[in-house]
Amino acid sequence: MNEYFKTVPKIQYEGPVSKTPFAFKHYNPEQIVAGKPMREQLKFAMSYWHTLCGDGTDMFGRGTIDKTFGGKTAVEIYENKAYAAFELMDKLQLEYFCFHDRDIAPEGDTLAECNANLDRIVPLLQELMEKYGKKLLWGTANCFNHPRYVHGAGTACNADVFAYAAAQIKKAIETTVALGGQG
């Protein structure tokens with residue numbers, strides 16, 4: 001397995017006087033706060049869309065960050081994103097992650113292809129969750145990026161778009177449940 005964040009060490013708590021740039025100064029995951037460790041009070045989660053999908057695009061230009069993680073095919077890119085995600089969560093001591101369905105698996109040409117892409121990536125996420133001891137905080141459907149949703153998903157004036165959104169949401173719920181989503 002590749003290491004995607006070679007220059008990022010595992011971040012540790014070193015206290016407020018630490019001069020280490022990659023160190024927690026105030027967040028001490030094991031410190032007891034109101035009867036629970038701080039990590040239970042502050043459930044930090046890595047959001048897939050910002051961390052692994054955002055490519056630096058702005059309204060005046062193209063993406064400036066390569067987020068293929070060395071993958072060549074759409075599915076390979078998303079598999080590599082999963083490996084990168086869990087490496088980064090481990091280094092940052094994040095217990096949770098959250099996602100939209102299209103963050104973790106590529107869009108397909110049909111709903112069946114989209115669902116098959118999700119079905120392919122879920123076992124890998126389950127394996128990585130087990131290996132790294134990570135949990136899914138929540139998952140949801142991305143019913144806004146694709147041009148089909150120009151007039152909304154649940155408010156779409158086209159019955160086919162509304163039905164597609166409903167089916168996409170159903171699959172996102174099933175995926176979230178399969179991954180033990182807590183929210």
Side-chain angles (χ1 to χ4, degrees), residues 1-5 8 10-11 13 22 24 26-30 33 36-57 63 65-69 71 74-108 111 114-146 148-149 152-154 164-183:
M1 182 170 72
N2 291 332
E3 183 178 1
Y4 295 95
F5 303 99
V8 178
K10 189 158 189 167
I11 310 304
Y13 172 75
F22 281 128
F24 292 122
H26 303 285
Y27 174 68
N28 180 354
E30 301 310 318
V33 177
K36 293 183 187 177
M38 196 179 285
R39 67 180 151 66
E40 290 181 30
Q41 299 286 6
L42 300 169
K43 293 184 178 184
F44 294 113
M46 182 203 69
S47 61
Y48 238 86
W49 59 96
H50 292 303
T51 310
L52 300 160
C53 300
D55 66 359
T57 300
I65 305 166
D66 178 6
K67 295 278 181 96
T68 62
F69 297 97
V75 172
E76 189 177 73
I77 290 167
Y78 282 82
E79 288 171 343
N80 289 354
K81 280 183 186 190
Y83 292 120
F86 284 86
E87 175 191 331
L88 188 61
M89 285 188 287
D90 186 54
K91 288 182 174 187
L92 297 177
Q93 295 192 49
L94 298 174
E95 279 188 67
Y96 297 93
F97 67 104
C98 49
F99 65 81
H100 299 96
D101 53 357
R102 301 304 183 249
D103 300 334
I104 61 168
E107 180 89 32
L111 182 63
C114 292
N115 290 347
N117 289 339
L118 280 166
D119 290 341
R120 180 170 174 173
I121 203 77
V122 165
L124 174 60
L125 293 177
Q126 289 169 324
E127 175 187 319
L128 293 169
M129 289 169 72
E130 179 72 25
K131 176 181 177 182
Y132 287 96
K134 305 303 178 192
K135 301 171 198 152
L136 176 61
L137 195 55
W138 57 263
T140 190
N142 178 335
C143 292
F144 47 87
N145 273 45
H146 195 279
R148 81 173 57 85
Y149 297 124
Y164 193 103
Q168 182 179 340
I169 291 165
K170 178 182 181 288
K171 184 64 173 179
I173 291 169
E174 291 169 353
T175 300
T176 300
V177 169
L179 294 171
Q182 297 185 14

Keeping to residues at least two apart or across chains, list the salt bridge (Lys or Arg N to Asp or Glu O under 4.0 Å) pairs with something in residues 172-183. K170-E174
Got a sec, which pairs hit salt bridge (Lys or Arg N to Asp or Glu O under 4.0 Å) with one end in residues 74-83, sequence neighbours left out? E79-R120
Tell me every residue that passes side chain to side chain donor-acceptor pair (under 3.5 Å) with Y96, counting only those two or more places apart in sequence or in another chain. none
Going by side chain to side chain donor-acceptor pair (under 3.5 Å), name the residues that satisfy it together with K171, two or more places apart in sequence or in a different chain. D119
Measure the spacing between [atom1] of [X] and [atom2] of [Y] and express it to the nearest 0.5 Å.
X: D101; Y: L118; atom1: CG; atom2: CG; answer: 6.0 Å
X: N145; Y: C53; atom1: CG; atom2: SG; answer: 9.5 Å
X: C98; Y: L137; atom1: SG; atom2: CG; answer: 6.0 Å

Going by heavy atoms in the side chains, are [X] and [Y] under 4.5 Å from each other?
X: Q168; Y: C114; result: no
X: Y164; Y: L111; result: yes
X: W138; Y: T140; result: yes
X: L136; Y: F99; result: yes
X: L125; Y: I104; result: yes
X: Y83; Y: L124; result: yes

Quick check: does any side chain N or O of N142 sit under 3.5 Å from a backbone N or O of R102, one acting as donor and the other as acceptor? no
Give the table of side-chain donor-acceptor pairs shorter than 3.5 Å for residues 85-95, with sequence neighbours excluded, one pair per line with atom names and distance.
| residue | atom | partner | partner atom | Å |
| --- | --- | --- | --- | --- |
| E87 | OE1 | Y4 | N | 2.6 |
| E87 | OE2 | Y4 | N | 3.3 |
| E87 | OE2 | F5 | N | 2.8 |
| E87 | OE2 | K91 | NZ | 3.3 |
| D90 | OD1 | K10 | NZ | 3.4 |
| K91 | NZ | E3 | OE2 | 2.8 |
| K91 | NZ | F5 | O | 2.5 |
| K91 | NZ | V8 | O | 2.8 |
| Q93 | NE2 | I11 | O | 2.5 |
| E95 | OE1 | K135 | NZ | 3.2 |

Applying ring-ring contact (aromatic ring centres under 6.0 Å, His included), can you list everything that pairs with F24, at least two apart in sequence or on another chain? Y27
Walk me through it: do Y78 and N117 pass the test side-chain contact (heavy atoms from CB on, under 4.5 Å)? CA-CA 9 Å; Y78 282 82; N117 289 339; over 6 Å; no
For V122, side-chain contact (heavy atoms from CB on, under 4.5 Å) partners two or more places apart: Q126, T175, A178, L179
Suppose we screen for side-chain contact (heavy atoms from CB on, under 4.5 Å). Which residues come up paired with A153, at least two apart in sequence or across chains? C143, Y149, A165
State yes or no: are the ring centers of H100 and F144 separated by less than 6.0 Å? yes
Could you give the side-chain donor-acceptor pairs of residues 39-50 under 3.5 Å, partners two or more places apart or in another chain?
| residue | atom | partner | partner atom | Å |
| --- | --- | --- | --- | --- |
| R39 | NE | E30 | OE2 | 3.2 |
| Q41 | NE2 | V33 | O | 2.7 |

Minimum-distance pair of heavy atoms, taken over all atoms of G71 and N80: N-ND2, 3.3 Å
